[in-house]
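Everything below concerns the one structure shown next.
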Amino acid sequence: MPESPETIQDSQPENPGSLQANLDSRRAKLQRIRQRGVDPYPPRFQRNCTADEAIKLFEAAEAAETPDRAAGISVAGRIVSMRVMGRAAFLDLRDASGTIQAMLRQNVLGDDYAILPDLDLGDFLGVDGNMIRTRTGQATIEAHALTILAKGMRPLPEKWHGLRDVETRYRQRYLDLIANPEVADTFVQRSRIISGIRRFLDGRGFVEVDTPILVPIPAGAHARPFITHHNALDEQLYLRIATELYLKRLIVGGLDKVYEIGRVFRNEGIDQDHNPEFTLLESYEAYADYNAVMEMVESLVSSLAHDVHGSMQVAMGDEVIDFTPPWPRLSLREELQRHSGVDIEDYPDAESLTGKCRDLGLAPGPREARGRLIDKMLSVYVEPRLVQPSFLIDYPEDMSPLAKGHPDKPGYVERFEAFAAGMEIANSYTELNDPDVQRARFAAQEHQRDAYDDEEADRTDDDFLTALEYGMPPTGGLGIGIDRLVMLLTGQSTIRDVLLFPQMRSLSDDGGNT
RNA sequence: GGGCCGUUAGCUCAGCUGGCAGAGCACCGGACUUUUAAUCCGGGUGUCGUGGGUUCGAUCCCCACACGGCCCA
């Protein structure tokens with residue numbers, strides 16, 4: 001008897017293929033699993049191999065002609081692909097090590113095969129079985145038992161095109177990691193870079209320390225702080241914008257070689273290389289100067305490139321960045337003069353330099369401090385040209401309130417910044433340790449804040465000045481933006497792609513998630 | 001802060017001059033014991049970002065807003 005169209009219609013859900021139908025279907029499967037007395041979220045599953053290990057073990061067993069060694073394998077992972085053919089099926093299971101194919105056959109699995117119709121893409125499954133090679137030659141686990149480990153209640157992004165929508169990728173990074181496996185590689189590399197930094201510094205006798213994130217005075221950098229409040233102390237506190245002044249207190253205290261890798265917070269805009277919270281490495285080494293730090297930076301960054309990449313050369317867009325040391329030392333004044341035609345010594349104050357910037361078409365604000373103007377000129381004329389790793393050295397004192405004056409160059413300090421791919425990756429100076437000079441520099445910054453409405457000018461930290469008065473040895477300091485370094489070493493062009501959860505504007509409703 | 005671009009099914013994307021909203025994957029029903037973007041047959045999913053406006057009629061034109069991206073400051 002032929003079925004009427006109505007009957008066929010009745011066997012279909014209300015809106016077949018809709019998200020709601022998909023959710024309903026998964027929930028119905030969940031119920032069926034439970035009705036069979038199976039826990040869809042069991043507390044544990046004992047695997048004895050990762051996907052990658054199972055395949056390697058099998059290949060080794062084949063090479064040694066000892067196939068028994070590839071029996072009794074237990075693997076687990078998320079189902080990322082399913083090819084079901086009646087009484088047999090092939091599933092691809094993914095764990096952090098990779099993907100392994102599982103072959104399911106009804107005559108082998110018996111009752112366990114009955115859960116197949118209740119499995120969906122995205123579910124976690126444990127498989128016990130033996131490694132075999134299929135007719136097409138693929139190393140595969142032939143399942144002898146199946147254990148559902150977690151039922152996925154929402155459909156995953158599409159398997160072939162992945163997840164492209166950048167907003168979803170950042171807001172729901174877990175979906176990005178599932179749908180775009182190469183994204184995970186970047187974050188694994190990030191972890192390797194950071195542990196490589198620790199190994200490097202620990203190997204040189206540095207001590208890793210933790211200094212306060214909640215601070216009464218947000219000093220040590222040019223930035224606007226985030227403000228918060230401590231209820232019990234009834235005191236306004238800030239999130240740190242740098243770790244510098246606390247680390248120097250530890251140099252005063254005699255630790256001699258200290259570093260901190262930590263999050264700092266700057267209340268400013270978001271773009272391709274700025275996120276309001278980012279990871280900063282700062283290190284301080286007593287009895288070193290900025291020349292010694294330059295050598296350390298070359299050595300550190302090139303060894304990281306080698307460790308992470310296996311090569312000193314890293315592709316970045318159309319360029320190949322070669323981190324092989326030594327990197328050129330370029331005088332800031334000379335580079336500015338070469339590329340802008342301006343000798344900053346001809347413009348000793350903000351007023352004259354503002355005029356010159358206007359001539360150059362740089363659109364300076366009406367009241368910008370001289371250091372800020374030079375910074376602007378650098379970012380236009382010099383920094384974009386610094387594609388291969390290089391050091392820009394000897395900065396004007398105006399823009400470096402914490403650096404020691406250069407003995408041979410009045411008005412300049414012993415400071416360098418390292419650049420690669422046009423991006424600043426390190427900032428360092430021979431530290432200012434004369435408490436009176438430091439006090440005067442802070443005063444100049446306070447004046448800059450008032451006279452030029454420069455909210456980012458540095459702030460006086462009297463407790464730090466007291467520490468300096470007890471005596472700080474000659475010291476070389478360093479700051480490296482870890483996120484930008486990771487960008488460079490992994491070839492990513494936006495900071496969002498090296499931050500697992502980049503800052504996003506909050507959504508007013510439910511986040512488009514339902 | 002300004003300019004430009006984007007927002008269509010769970011995902012990836014089409015949608016012509018304003019005239020019934022489209023495909024692939026995913027999903028649902030069926031077949032299938034070596035597939036691998038499985039295949040075959042059947043099903044077709046939607047607040048076209050939100051709110052206004054113009055129009056007989058708006059995914060499309062106009063305005064505002066939201067979110068995102070790029071460029072500029």
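We name chains A, B, ... by the order of the sequence lines, and we start the count at 1 in each one. These numbers come from a predicted model, not from an experiment.
Summarising the geometry, the separation between CG on Leu116(A) and P on rA38(B) is reported as 15 Å, rounded to the nearest angstrom. Nucleotide rC41(B) holds its P atom 18 Å from the CE atom of Met85(A), rounded to whole Å. Rounded to whole angstrom, the span from the CD atom of Gln20(A) across to the C1' atom of rG44(B) amounts to 17 Å. Here rG1(B) presents its C1' atom at 14 Å from CG of Asp271(A), a figure rounded to the nearest Å. Note: CD1 (Ile132(A)) to P (rU34(B)) measures 12 Å, nearest angstrom. Following rounding to the nearest Å, Asn22(A) (CG) and rC11(B) (P) show an atom-to-atom distance of 11 Å. Atom CG of Leu175(A) and atom P of rU12(B) are 10 Å apart (whole Å). In this entry the distance linking NE2 of His161(A) with C1' of rG10(B) reads 15 Å, nearest Å.
Rounded to a whole angstrom, the distance from the C1' atom of rA23(B) to that of rA9(B) is 11 Å. Rounded to whole Å, the P atom of rG24(B) lies 16 Å from the corresponding atom of rA38(B). Rounded to the nearest Å, the gap between the P atom of rA64(B) and that of rU17(B) is 25 Å. To the nearest whole angstrom, the two C1' atoms, one in rG68(B) and one in rA26(B), are 25 Å apart. The gap from the C1' atom of rC41(B) to that of rU7(B) amounts to 36 Å, rounded to the nearest Å. Comparing the P positions of rG18(B) and rC60(B) gives an interatomic distance of 11 Å, to the nearest angstrom. Spacing of C1' atoms, rC48(B) relative to rC61(B), comes out at 16 Å, to the nearest Å. Here, rG3(B) and rU8(B) have their P atoms 24 Å apart, quoted to the whole Å.
A donor and an acceptor atom, one from each side chain of Thr460(A) and Glu446(A), are located under 3.5 Å apart. For the residue pair Asn180(A) and Arg164(A), no side-chain donor N or O sits within less than 3.5 Å of a side-chain acceptor on the partner. Between the side chains of Asp95(A) and Ser97(A), at least one donor N or O lies within less than 3.5 Å of an accepting N or O. Donor-acceptor pairing under 3.5 Å is recorded for the side chains of Gln20(A) and Asp24(A). Using a 3.5 Å distance cut-off with no hydrogens or angles, the side chains of Asp497(A) and Thr494(A) do not pair a donor with an acceptor.
Applying the Watson-Crick and G-U wobble criteria (two distances, each under 3.5 Å), rG1(B) pairs with rC72(B). Shown here, rG57(B) forms no base pair; nothing in the strands shown gives a Watson-Crick or G-U wobble contact with both key distances under 3.5 Å. With a cut-off of 3.5 Å on both Watson-Crick or G-U wobble distances, the partner of rA37(B) is given as none. Nucleotide rC67(B) is matched to rG6(B) when pairs are restricted to Watson-Crick or G-U wobble geometry with both distances under 3.5 angstrom. The base-pairing partner of rC13(B), taking Watson-Crick or G-U wobble contacts with both distances under 3.5 Å, is rG22(B).
For rC28(B), one of the phosphate oxygens OP1 or OP2 lies less than 4.0 angstrom from a side-chain nitrogen or oxygen of Lys29(A). Contact annotation: Ser25(A) does not reach the phosphate of rA26(B) (side-chain N/O to OP1 or OP2, under 4.0 Å). Of the side-chain N and O atoms in Arg26(A), none sit less than 4.0 angstrom from OP1 or OP2 of rG10(B). Listed pair Arg164(A) / rC13(B) meets the phosphate criterion, a side-chain N or O lying under 4.0 Å from OP1 or OP2. Applying the 4.0 Å criterion to OP1 and OP2 of rG68(B), one finds that Arg505(A) has a side-chain N or O inside that range. Look at Arg87(A) and you won't find any side-chain N or O under 4.0 angstrom from OP1 or OP2 of rU35(B). Of the side-chain N and O atoms in Arg83(A), none sit less than 4.0 angstrom from OP1 or OP2 of rU35(B). Taking only side-chain nitrogens and oxygens, Arg171(A) comes nearer than 4.0 Å to OP1 or OP2 of rG68(B). At the phosphate of rC71(B), OP1 or OP2 sits under 4.0 Å from a side-chain N or O atom of Gln272(A).
Residue Val84(A) places its side chain closer to rC32(B) than to any other of rC32(B), rC28(B), rU12(B).
Residue Glu167(A) places no side-chain atom within donor-acceptor reach of the base of rU7(B), judged by atom type and a 3.5 Å distance cut-off alone.
Residues that satisfy the side-chain hydrogen bond (donor to acceptor under 3.5 Å, both in side chains) test with Glu383(A), not counting sequence neighbours, are absent from this structure.
Residue order along RNA chain B, read from the 5' end via each residue's closest nucleotide, puts Asp92(A) first among Asp92(A) and Tyr170(A). Across the interface with RNA chain B, nearest-nucleotide mapping of Leu163(A) and Thr134(A) shows Leu163(A) to be the residue nearer the 5′ end.
The shortest heavy-atom contact between Leu239(A) and Pro225(A) is O-CB, 4.3 Å.
Within the nucleic acid shown, Arg496(A) comes within 4.0 Å of sugar-phosphate atoms alone, with no base atom in reach, counting heavy atoms only. Using a 4.0 Å heavy-atom distance criterion, Leu121(A) is classed as a sugar-phosphate-only contact. Using a 4.0 Å heavy-atom cutoff across all strands shown, Thr168(A) reaches no nucleic acid atom at all.
Taken residue by residue, residues 102-109 of chain A places heavy atoms nearer than 4.0 Å to RNA chain B at Met103(A), Arg105(A), Asn107(A).
In this structure, the side chains of Pro218(A) and Arg224(A) stay at 4.5 Å or more apart for every pair of heavy atoms. Within the 4.5 Å cutoff, the side chain of Val127(A) has heavy atoms near those of the Leu146(A) side chain. Proximity of Arg441(A) to Val413(A): side-chain heavy atoms (C-beta onward) are separated by under 4.5 Å at one or more points.
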